[in-house]
Amino acid sequence: MRILDYCRTSAISSLVATALVTAGLGSALAGDPTGDWLVADGVAKIRVAECKGSMWGAISWEKQPGVDSNNADHAKQTRPTLGMPLLFDMKKKANEDLWEGQVYDAKTTGRLQQASIRLLDPDKLEIKGCMLGILCGGETWTRAAPPIPSSPSNGPASTAPKASMAKTAPSKSAHKTIGQKSATSATPPTDPVGDICLLPEIAGTTH
């Protein structure tokens, strides 16, 4: 009887341990697309952050400074591309590491199109976009910096920083990527983008 009781106890302990390990792995494997990502051709990095429940992205580093010359709005064709939003209001799809929203097609049309981002693994992010449901294409980005903390703008409205304080003027070191700091620390002067949730084009839409 003692042997049977010992076997039963050992079996139950093993099941409990397996359940705990599985639960822990489930939490660890939960996808987080935030952070800086190097685009496929290596000419830019995109900072992705959660702003008010949606994922947004903006250019955080460029190999060469550029302007938004293809924008359909002529008034914006001379604006710098550094700090320019690219991913707009991407909502998570239930039970998938997939977010759907819009992407700004800066290379060709200068317009927004339907898009999605999907985590292939913790260090690979696939982006796909379609114009009017056709001419679909995509590429895979490589992680360049770890996930970032939640923006202070995601807190209560009474404590959220004002959007007018968001943008830091580019410096000579503007094209060096510095990871986004924690919600309680100031943005380093060498980081021209900082918390993208506070960029006017994003803050004005989501706040």
Side-chain angles (χ1 to χ4, degrees), residues 31-39 44-62 65-68 70-73 75-93 98-107 109-117 119 125 127 129 141 143-170 174-175 177-207:
D32 186 348
T34 68
D36 282 30
W37 298 87
L38 183 67
V39 300
K45 292 176 184 176
I46 312 302
R47 180 164 300 163
V48 178
E50 182 179 352
C51 307
K52 295 294 185 182
S54 300
M55 293 296 169
W56 295 72
I59 298 176
S60 60
W61 172 87
E62 299 174 311
V67 295
D68 190 18
N70 293 318
N71 198 302
D73 182 350
K76 293 183 177 180
Q77 291 180 354
T78 57
R79 69 172 177 170
T81 47
L82 185 65
M84 183 178 72
L86 282 185
L87 304 180
F88 289 78
D89 198 21
M90 308 201 90
K91 308 286 189 185
K92 191 176 189 307
K93 194 168 182 180
L98 175 71
W99 291 259
E100 296 177 325
Q102 293 182 305
V103 63
Y104 174 61
D105 177 13
K107 288 184 177 180
T109 66
R111 298 179 184 277
L112 291 173
Q113 57 182 271
Q114 297 302 309
S116 66
I117 56 173
L119 273 174
L125 186 70
I127 177 168
W141 298 346
R143 185 176 287 282
I148 54 181
S150 177
S151 166
S153 67
N154 291 323
S158 58
T159 60
K162 294 181 180 179
S164 60
M165 299 173 62
K167 202 162 185 176
T168 304
H175 303 291
T177 299
I178 305 295
Q180 186 172 359
K181 297 296 184 181
S182 66
T184 57
S185 62
T187 300
T190 52
D191 183 352
V193 178
D195 184 350
I196 67 168
C197 296
L198 301 180
L199 292 174
E201 285 189 70
I202 296 176
T205 303
T206 59
H207 293 247

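These numbers come from the heavy atoms of this one structure, side chains and all, not from hydrogens, waters or symmetry mates. For reference, positions follow the sequence shown, starting with 1.
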Report task. Taking all non-hydrogen atoms of both residues into account, name the closest pair between W37 and G35 and its distance. Result -> CD1-O, 3.5 Å
Query raised in the report: So do M55 and T34 actually touch side chain to side chain, heavy atoms under 4.5 Å?
Result: yes
Query raised in the report: Less than 4.5 Å apart, any side-chain heavy atom of I202 and any of F88?
Result: no
Query raised in the report: Hey, does Q113 have a side-chain heavy atom less than 4.5 Å from the side chain of Q102?
Result: no
Query - Worked verdict on Y104 versus L112 for side chain to side chain contact (heavy atoms under 4.5 Å, CB included) - result: CA-CA 4 Å; Y104 174 61; L112 291 173; 3.9 Å; yes
Query raised in the report: Can we say K107 and D105 salt-bridge, meaning some charged N sits less than 4.0 Å from an Asp/Glu carboxylate O?
Result: no
Query raised in the report: Is any side-chain N of the basic residue among E201 and R79 closer than 4.0 Å to the acidic one's carboxylate O?
Result: yes
**Report entry** Where V103 and A115 come nearest, the two heavy atoms and their spacing
**Finding:** CG1-CB, 3.4 Å
Query raised in the report: For N70, which residues count as a side chain to side chain donor-acceptor pair (under 3.5 Å) partner, sequence neighbours excluded?
Result: none
Report task. Measure the shortest side-chain to side-chain distance between Q77 and D68 over non-hydrogen atoms and say whether it is less than 4.5 angstrom. Result -> no
Report task. For residues I46 and V39, determine if any side-chain heavy atom of one lies less than 4.5 Å from a side-chain heavy atom of the other. Result -> yes
Query raised in the report: Using a distance-only test with no angle check, is there a side-chain donor-acceptor pair under 3.5 angstrom linking K91 and S54?
Result: yes
Query raised in the report: Atom CG of N154 and atom CD of E50: how far apart are they, to the nearest 0.5 Å?
Result: 6.0 Å
Requested in this report: Please name the pair of heavy atoms, one in S151 and one in D195, separated by the smallest distance, quoted to 0.1 Å.
Outcome: OG-OD2, 2.6 Å
Requested in this report: Find out whether W56 and D89 are in side-chain contact, i.e. whether some heavy atom of one side chain is under 4.5 Å from a heavy atom of the other.
Outcome: yes
Query raised in the report: Which heavy-atom pair separates G83 from L199 by the least distance, and what is that distance?
Result: O-CD1, 3.4 Å
Query raised in the report: Side-chain contact, heavy-atom cut-off 4.5 Å: L125 with R143?
Result: no
Query - Ion pair D36/R47, N-O distance below 4.0 Å - result: yes
Query raised in the report: To the nearest 0.5 Å, what is the distance between OG (S60) and CG (L38)?
Result: 9.5 Å
Query raised in the report: What's the spacing between W61 CH2 and K45 NZ if we round to 0.5 Å?
Result: 5.5 Å
Report summary line: Between I196 and G57, the two heavy atoms sitting closest are CD1-CA, 3.9 Å
Query raised in the report: So do the side chains of S153 and L198 get within less than 4.5 Å of each other, counting heavy atoms only?
Result: yes
Requested in this report: Mind listing the closest non-hydrogen atom pair of L86 and A106 along with its distance?
Outcome: CD2-CB, 4.5 Å
Requested in this report: Start with the C-alpha distance between L98 and I117, add both sets of side-chain angles, then the distance that settles side chain to side chain contact (heavy atoms under 4.5 Å, CB included), and finish with yes or no.
Outcome: CA-CA 6 Å; L98 175 71; I117 56 173; over 6 Å; no
**Report entry** Under the salt bridge (Lys or Arg N to Asp or Glu O under 4.0 Å) test, residues paired with K76 that sit two or more places apart
**Finding:** none
